[in-house]
Amino acid sequence: MPDYTGKSGRAMVLQGAGQPLRLEERPISAPGPGEVLIRVTACAVCRTDLHLVDGELPNIPYPIVPGHEIVGHAVDTGEGVSIEKGVRLGVPWLGYTCGRCRYCREQKENLCDEARFTGYQIDGGFADYVLADHRYCFPLPENYNDQQAAPLLCAGLIGYRCLRMTGQAQNIGIYGFGAAAHIVAQVAAHQGRSIFAFTRPADDAARDFARSLGAVWAGGSEDDPGVKLDAAIIFAPAGELVPRAMAQIRKGGTVICGGIHMSDIPSFPYRRLWGERVLRSVANLTRADAREFLEIAPLVPVHTRITTFGLEEANIALDQLRGGGITGAAVLVP
Ligand SMILES: [Zn+2]
Ligand SMILES: [Zn+2]
């Protein structure tokens, strides 16, 4: 067993709501039973990290290391773990479930009453090293290098779960064309569906990007694409998009909110819901989602567009994500 005495690694640590992440040197801990110690080689930045930094999620256990789209290599394993050293692993948002509650028993572990999440309740991947429960780590498709694979682990997985919730929808609107949308659009186009991209006002770069990924239409969130949508997925955290999306879907259509946090939804006339329209959220992911999506991604094939930052530039990456300055996904490279 390797000796970690006196060895340390860098971590970008959140000390409290609204504070910038602070660089710390932390001692490396040996993995406990069921755990794997991973040397992080890439960690993508998600909008959820912004909600965490802004204190918009409940009961944040400060200090915490954000980051839940982790790619790295096993350097040591605890008791009961058969992963070989050096194996490449991906660590997603879902970090622990109880296996006993009604949700776990009904194959809805994403809703587990006692779920714990990477980079929220478990120290995450904005660091040189991370400890993870081996049951929630995944082998990654070989076609992707570490940096390109990182955004698959949340933007890809949660986006894919949202896409699945659209059922057989042919015309799908996407509100907010960031990391998740850029992956979903590729999968949807591969499945022969039509994507309509709704972006911030006058965001020509995002619209060009959406069209380059196969979107049949791209415009502003207040624009009318000229056809009724079968479904819409909202990734942007802006509640006012909900009534707008509801107004664009046909009878029987579904609007899916894919983010963990959203500003309040303004009231809207009942007729926008009438006609068996459905409004729902998608929360977290199951391990089955992960296995399914990681098989599909290389077949599409999904190409991730990334902008890389050093670990110590995490605050810059978060600022750029907040300002809409990232095309595709931001990835930290320790
Ligand atoms: Zn995420
Ligand atoms: Zn459970």
Side-chain angles (χ1 to χ4, degrees), residues 12 14 21 34 40 42-54 56-57 60 64-71 90-126 130 132-133 135-138 140 149-163 174 176-184 233-237 256-262 281-290 293-294 297 302 304 306-307 314 317-318 320-322 326 328-332:
M12 294 298 287
L14 178 65
L21 304 182
V40 180
C43 186
V45 183
C46 174
R47 179 157 284 284
T48 297
D49 299 317
L50 280 182
H51 297 310
L52 184 88
V53 167
D54 292 343
E56 289 168 332
L57 306 185
I60 299 169
I64 185 76
V65 180
H68 56 271
E69 305 185 80
I70 307 167
V71 178
V91 185
W93 172 245
L94 187 73
Y96 170 83
T97 56
C98 76
R100 297 181 307 271
C101 73
R102 65 173 294 176
Y103 300 105
C104 284
R105 284 187 275 116
E106 292 173 359
Q107 280 77 53
K108 293 176 185 160
E109 65 180 1
N110 59 309
L111 303 179
C112 172
D113 285 330
E114 294 172 42
R116 286 158 53 79
F117 300 103
T118 311
Y120 177 16
Q121 287 118 353
I122 303 166
D123 278 331
F126 289 8
V130 70
D133 183 325
R135 297 170 299 170
Y136 299 84
C137 299
F138 296 91
L140 296 167
L152 300 177
L153 286 157
C154 184
L157 294 183
I158 305 251
Y160 180 67
R161 186 172 174 87
C162 292
L163 180 63
I174 297 183
F177 212 84
H182 102 283
I183 294 174
V184 168
I233 305 171
I234 304 177
F235 289 121
I256 295 142
C257 302
I260 193 168
H261 175 85
M262 193 180 241
S281 64
V282 152
N284 316 317
L285 71 138
T286 66
R287 283 173 283 179
D289 293 331
F293 175 69
L294 291 172
V302 169
T304 54
I306 59 168
T307 305
L318 288 166
Q320 289 195 13
L321 180 62
R322 188 190 300 283
I326 302 283
V331 177
L332 303 186

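Counting starts at 1 for both ligands and their atoms, in listed order.
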Measure up the H51 and H261 rings against each other and bin them: parallel (under 30°), tilted (30 to 60°), perpendicular (over 60°).
tilted
Any F235 side-chain heavy atom under 4.5 Å of I158 side chain
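A side-chain contact under 4.5 Å is absent here.
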Looking at CG of N110 and CG of D289, how far apart are the two atoms once the value is rounded to the nearest 0.5 Å?
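Output value for this atom pair is 7.0 Å.
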Has the side chain of Y120 got a donor or acceptor atom that lies under 3.5 Å from a matching backbone atom of H68?
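Here the side-chain-to-backbone pair does not exist.
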Exam field: side chain E69 to backbone C154, donor-acceptor pair closer than 3.5 Å
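Yes, because the side chain of E69 sits within donor-acceptor range (under 3.5 Å) of the backbone of C154.
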Metal site angle (apex the Zn ion (ligand 2)), SG from C104 and SG from C112, 10 degrees:
100°
Just to confirm my numbers, could you give the angle made at the Zn ion (ligand 2) by SG of C98 and SG of C101, rounded to 10°?
110°
Identify which one of N284, T48, T118 satisfies the side-chain hydrogen bond (donor to acceptor under 3.5 Å, both in side chains) criterion when paired with W93.
N284
Ignoring water, what protein N, O or S atoms are under 2.8 Å from the Zn ion (ligand 1)?
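Less than 2.8 Å away from the Zn ion (ligand 1) sit C46 SG, H68 NE2, C154 SG.
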With a 4.0 Å cut-off on N to O distance, would you call R322 and D54 a salt bridge?
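Yes.
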